Amino acid sequence: MRTLTPHLRTAILALMACAAAVHLYFGGTGFPEPIRMRGFHLLVFVPPLFLLYPARAASPQHRPSLLDWIWALAAAAPHAWVLWNADAVSDRMEYVDPFSPLMMALGIICIITLLEATRRAVEPGLAWMVAGSLAYMWWGHHLPGVLNSRVFTPAEIVESAWLVPTAGGVYGPLTGIVATTIAVFIIFGAFMQGSGTGRLFQNLGAVAAGRYTGGPAKVAVITSGLFGTMSGSSVSNVITTGAMTIPLMIRIGYSRTVAAGIESAASVGGALMPPVMGAAAFVMAEITNIPYGEILIAATLGAILYYFAILAAVHFEAKRLGMKPMAVADIPAAREVLADLHLVIPIVVLVWLMTERWSGNFAAFCATMAMIAIAMLYRRTRMSPRAIFDSLANAGLTMAPLAVSIAGAGIVVSALTATGMVVAFGGIIKEMAGGQLWLLLILLATTVLVLGLGLPTTPSYIIAAAIGVPQLLALGVDLLPAHMFLFYFAVIADATPPVAAAAFAAAAIARASPTMSSVHATRFGIAGFTVGFAFIYDPGIMMRGSLVEIVTAFLMQVAALTLVTSAYAGFLLAPLNIALRVLLGAAGLATAFAHMLPDPARLAVGMGALALVAAWQSLRPTTPRTA
């Protein structure tokens, strides 16, 4: 992002703040008709990206060039036209009413500017995928076999990508989700940060874990998980918390790559952590018609297990290396936490409204208003007009790249649907799986991780859901577990090599190897893999079934993750030799994935292996520990 001159930066921030305020207002009072809301959303958030982000490294870094201003004006034109003609656009019959030359020109401009904004502000990989999907519509009829599609006219391609609000494209339902529910939640997260809730979470993490072995690493895990409830963005979590926690971890003895891996794994999990989670969770609620409160409940135990596994891995690693807790001077006093504790009330309000099945946007609106009001109770947290403005502006800056990435994902989904590629690609995966659910899950997980190489979490999840969910439903998997499985792998793709945005950001702070940092992030985030499969095979993880089934499923995962993380670290109660590490690792994998066994047998394997090795180490004579 550019470092703009003060006057231009203030003007853009004012636009972002006003746009966010309008979204917040509509969240509480009701949104206009879909086309108007989506048109306004894209009009205010797409053009500024050309002013904020340079085209390339050699472009001016402190001011937009003349070409950037032309790009911004061109980007505004299609959305301004749609907003002005919203009634006519809403009333037209898609693919039936004439697609005029003016509409054709505006549609082409919209697509080109969207591609360029995506390339600059999001990921070049996503821009190439959008362009590739449009190229497939143009040339797909030349391809053989299952890849063959019907002939599309240029007007059909542009119309499907731009102006088919009911099916996909730039103005499709995905943009509608971002312009309504997700936008209001992003604003709520920005006000959480602006009110001092971030300070509360940071202090809470330090008080809870700082005085224990490997304290800074555990603080990083807890703080990143709490910060994740505000942003749902792995990279922003890394940047926010990593600047403090990564140097502390390095100072007490963690290698640079391990410190970066711990921070990135913890930050990625923020998108899995209720009550806010990430944008993809709200997309899931919209496309499945499952209330977000139900998704929140289903995700809770999985998120707890994810962070339990990281904490366990950090603990075993610290014990093996003989690390010390945080210095007492670095741990805040309990009164520091208590002074901000009232800021938890708006989060409670949000969770209560969601579980009472109020709409997500209204719940987030009420929680935001509660945050402002509650913060005003004490001088320490009172938000000044400037702080309120900054919170709105930061929300707008977060929404702008998300707006173009979701619009791009809408074009991809529209192209895949129109050409029948969803069915074709799903058929290929289905044929490779041969009707075996376990093999289908592995293929889909691999597909999502590959998509995650070049796509942000939400577009990756959207495309994977379009391809994979029908295949899972055909094999008898319920709708919510199918989506949760794909959602988890879309999230942890941000931490898996060879390209991992969160790990690369953490590596930059740690001055470490990005590839090795992502390898360690995958190791510490192993729970994402086990919990993802548990959504399919162990419904108790989603709080479905009897209390016994829920507790059994949870304990199986606890045992499996404890075994695997101790095997990785080479430590349980004492250092482990190779034989014991292999035993614990095999027992952990069997407990997590041997779904052909009855649940009591899997639980017995996990708990038995833990008890056996723990007893063996307890009864052995103590030997000097080596680092």
Side-chain angles (χ1 to χ4, degrees), residues 212-214 218 221-222 225 265-266 269 272 298-320 438 441 481 484-485 488 492 522-620:
Y212 299 105
T213 303
K218 293 175 181 176
V221 174
I222 295 173
L272 310 173
T300 298
L301 289 183
I304 292 171
L305 288 167
Y306 182 87
Y307 280 99
F308 165 79
I310 302 178
L311 286 170
V314 163
H315 175 78
F316 292 137
E317 188 97 5
K319 283 288 189 182
R320 181 177 64 83
W438 65 271
L441 292 172
M484 290 295 293
F485 173 82
Y488 252 61
I492 63 176
T522 304
R523 171 165 73 95
F524 285 106
I526 188 68
F529 296 89
T530 66
V531 172
F533 281 87
F535 284 131
I536 304 296
Y537 289 105
D538 301 317
I541 289 296
M542 302 174 66
M543 297 194 188
R544 292 183 169 186
S546 66
L547 179 61
V548 171
E549 291 171 330
I550 293 172
V551 172
T552 300
F554 184 77
L555 290 178
M556 282 192 297
Q557 288 296 314
V558 168
L561 292 170
T562 304
L563 289 164
V564 172
T565 53
S566 65
Y568 264 128
F571 192 98
L572 186 60
L573 299 181
L576 297 166
N577 59 34
I578 293 296
L580 289 178
R581 292 177 73 173
V582 171
L583 171 64
L584 290 182
L589 294 175
T591 305
F593 297 115
H595 302 293
M596 73 291 295
L597 298 177
D599 288 352
R602 290 166 58 198
L603 184 59
V605 168
M607 293 298 186
L610 273 178
L612 180 65
V613 175
W616 168 260
Q617 291 192 326
S618 297
L619 296 174
R620 288 186 64 199

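Quantities reported herein were computed from a predicted structural model and do not represent experimental measurements.
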Return the minimal non-hydrogen interatomic distance between [X] and [Y], and the atom names on each side.
X: Met484; Y: Ala299; value: CE-CB, 3.8 Å
X: Leu584; Y: Ser566; value: CD1-OG, 3.5 Å
X: Phe533; Y: Leu441; value: CE2-CB, 3.5 Å
X: Ser618; Y: Leu573; value: OG-CD1, 3.4 Å

Return the [atom1] to [atom2] distance between [X] and [Y], rounded to the nearest 0.5 Å.
X: Leu572; Y: Gln617; atom1: CG; atom2: CD; result: 5.0 Å
X: Phe593; Y: Trp438; atom1: CZ; atom2: CH2; result: 13.0 Å
X: Ile541; Y: Ile550; atom1: CD1; atom2: CD1; result: 9.5 Å
X: Leu561; Y: Met556; atom1: CG; atom2: CE; result: 11.5 Å
X: Phe529; Y: Ile492; atom1: CZ; atom2: CD1; result: 4.0 Å
X: Phe524; Y: Leu311; atom1: CZ; atom2: CG; result: 11.0 Å

Side-chain atoms of residues 597-616: list all donor-acceptor pairs with protein atoms under 3.5 Å, sequence neighbours left out, distances to 0.1 Å.
{"unit_1": "Asp599", "atom_1": "OD1", "unit_2": "Arg602", "atom_2": "NH1", "d": "3.3"}
{"unit_1": "Arg602", "atom_1": "NE", "unit_2": "Thr591", "atom_2": "O", "d": "3.0"}
{"unit_1": "Arg602", "atom_1": "NH1", "unit_2": "Asp538", "atom_2": "OD1", "d": "3.0"}
{"unit_1": "Arg602", "atom_1": "NH1", "unit_2": "His595", "atom_2": "ND1", "d": "3.4"}
{"unit_1": "Arg602", "atom_1": "NH2", "unit_2": "Asp538", "atom_2": "OD2", "d": "3.1"}
{"unit_1": "Arg602", "atom_1": "NH2", "unit_2": "Thr591", "atom_2": "O", "d": "3.0"}
{"unit_1": "Arg602", "atom_1": "NH2", "unit_2": "Ala592", "atom_2": "O", "d": "3.3"}

Quick one: do Thr565 and Glu317 satisfy side chain to side chain contact (heavy atoms under 4.5 Å, CB included)? Show the steps, please.
CA-CA 9 Å; Thr565 53; Glu317 188 97 5; over 6 Å; no
Is it the case that the side chain of Tyr306 and the backbone of Ala265 share a donor-acceptor pair, with hydrogens and angles ignored and the cut-off at 3.5 Å?
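Pair found, side chain donor or acceptor close to backbone of Ala265.
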Quick check: do Pro481 and Met542 have side-chain heavy atoms less than 4.5 Å from each other?
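Pro481 vs Met542: side chains touch.
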Can you list everything that forms a side chain to side chain donor-acceptor pair (under 3.5 Å) with Arg581? Sequence neighbours excluded, please.
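Result, side chain to side chain donor-acceptor pair (under 3.5 Å) vs Arg581: none returned.
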